[in-house]
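Working notes for the structure below.
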Amino acid sequence: RCITKKIKAQPSCPSSILLIIQFLILFSPFSPHCFKSIRNNWVTEPSQTLQFVEPITQIVYQAKWKDLVRIYNDESNSFIKETKLSYAALYPTNFEKQKVQLACDVFNEKTVIALEKRNLNGTATFVRLVTRMWNMINIKSPHTGYRTNDPDRQPFREKIDERLVFLSNVATMLQLSTWSTRMQSYG
């Protein structure tokens, strides 16, 4: 925060560079913690329902944790699993809430497809947005995007990048969601 305040004070600093620096400060060292806190706040929300505004269309959706539980229960009696959902991912203990992999089991493309297949659009939209955000900020190698054939996993190389706007929109969405006061206490 101190660095961004100093940069804002300098009028010669372009806003795109300021955006990049803000995202590096906000997401780089703490990105796994922010990612896990999204899942943890959603699962510990008393109603387990999150109301949010989709950043591009400005449509208000509700993401319901029980939609994920329903998919898990449907798959529990089947030999073929559509998702990576597990009991530990949906009902994490205090120790399991610290595991990034369990949050990744909830927020991934397979879960989005399973939700869309069942017409659970609000939850599918939220999971898709958080999954895309995670893919953008969790780049471990400059070759990850090439290896996975995913343009969102390419390293940020340009000052102006559509993905930075997307990340800014998702950050705003998370701040305006129903549990924004709880999220701010973690950050």
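- Taking each heavy atom of E54 and I56 in turn, the nearest pair found is OE1-N, 3.0 Å.
- Side-chain atoms of L68 and L115, non-hydrogen and from C-beta on, do get closer than 4.5 Å to each other.
- Smallest separation of non-hydrogen atoms from L85 and V106: CD2-CA, 3.9 Å.
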Start with the C-alpha gap between Q48 and V69, add the side-chain angles, then the distance that decides, and say whether side-chain contact (heavy atoms from CB on, under 4.5 Å) holds. CA-CA 11 Å; Q48 293 189 331; V69 173; 5.7 Å; no
For a side-chain contact (heavy atoms from CB on, under 4.5 Å) check, start with the C-alpha distance between F107 and W134, then their side-chain angles and the critical distance, and finish with the verdict. CA-CA 8 Å; F107 296 109; W134 176 246; 6.0 Å; no
N73 and R70: side-chain contact (heavy atoms from CB on, under 4.5 Å), yes or no, with the steps? CA-CA 5 Å; N73 289 335; R70 186 179 313 143; 5.7 Å; no
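- Atoms OG1 and OH, from T83 and Y72 in turn, are 9.5 Å apart once rounded to the nearest 0.5 Å.
- Minimum heavy-atom separation, V100 to P32: CG2-CB, 3.8 Å.
- Residue E96 holds its CD atom at 10.5 Å from CD of Q98, rounded to the nearest 0.5 Å.
- Residue R118 holds its CZ atom at 5.0 Å from CG of D74, rounded to the nearest 0.5 Å.
- Between Q101 and D105, the closest side-chain pair of non-hydrogen atoms falls below 4.5 Å.
- Within 6.0 Å of NZ on K66 lie no more than 12 heavy atoms contributed by other residues, nucleotides or ligands.
- The minimum heavy-atom distance between V130 and F35, with the atom names listed, is CG1-CE1, 3.9 Å.
- Considering CG of N169 and CG of L174, their distance stands at 11.0 Å, rounded to 0.5 Å.
- The CE atom of M136 sits 8.5 Å away from atom CG of D150, with the distance rounded to the nearest 0.5 Å.
- Without hydrogens or angle criteria, T123 side chain to K64 main chain gives a donor-acceptor distance under 3.5 Å.
- Side-chain contact of T111 with N108: a donor-acceptor pair under 3.5 Å is present, judged by distance alone.
- Using a 4.5 Å cut-off on side-chain heavy atoms (C-beta onward), K97 and T44 make contact.
- A donor-acceptor pair under 3.5 Å is formed between the side chain of E75 and the backbone N or O of E82.
- How far CE of M173 is from CG of L129: 5.0 Å, rounded to the nearest 0.5 Å.
- For the pair R132 and E162, the salt-bridge criterion is met [side-chain N within less than 4.0 Å of a carboxylate O].
- Residues A89 and P92 share a closest heavy-atom pair of O-CD, 3.9 Å.
- Side-chain contact between N135 and E109 is present, with heavy atoms from C-beta onward closer than 4.5 Å.
- Without hydrogens or angle criteria, S168 side chain to L164 main chain gives no donor-acceptor distance under 3.5 Å.
- A continuous path of hydrophobic side-chain contacts links V43 to Y87 [ILVMFWY only; heavy atoms under 4.5 Å].
- Summarising the geometry of T144 relative to T148, their closest heavy-atom pair is O-OG1, 2.8 Å, with the distance given to 0.1 Å.
- Aromatic ring pairs are classed by plane angle as parallel below 30°, tilted from 30° to 60° and perpendicular above 60°; the pair F126 and F52 is tilted.
- Both Y61 and F166 are assigned to one and the same hydrophobic cluster, defined by single-linkage of ILVMFWY side chains at heavy-atom distances under 4.5 Å.
- W42 is connected to Y91 through a chain of hydrophobic side-chain contacts under 4.5 Å among Ile, Leu, Val, Met, Phe, Trp and Tyr, so both are in one cluster.
- Between the side chains of Q154 and D161, no donor-acceptor pair of N or O atoms lies under 3.5 Å.
- Between the side chain of R163 and the backbone N or O of P155 there is at least one donor-acceptor pair closer than 3.5 Å.
- Following chains of ILVMFWY side-chain contacts shorter than 4.5 Å, one can reach I59 starting from L50, so the two form part of one hydrophobic cluster.
- Under the 4.5 Å side-chain heavy-atom criterion for Ile, Leu, Val, Met, Phe, Trp and Tyr, L102 and V127 are members of distinct hydrophobic clusters.
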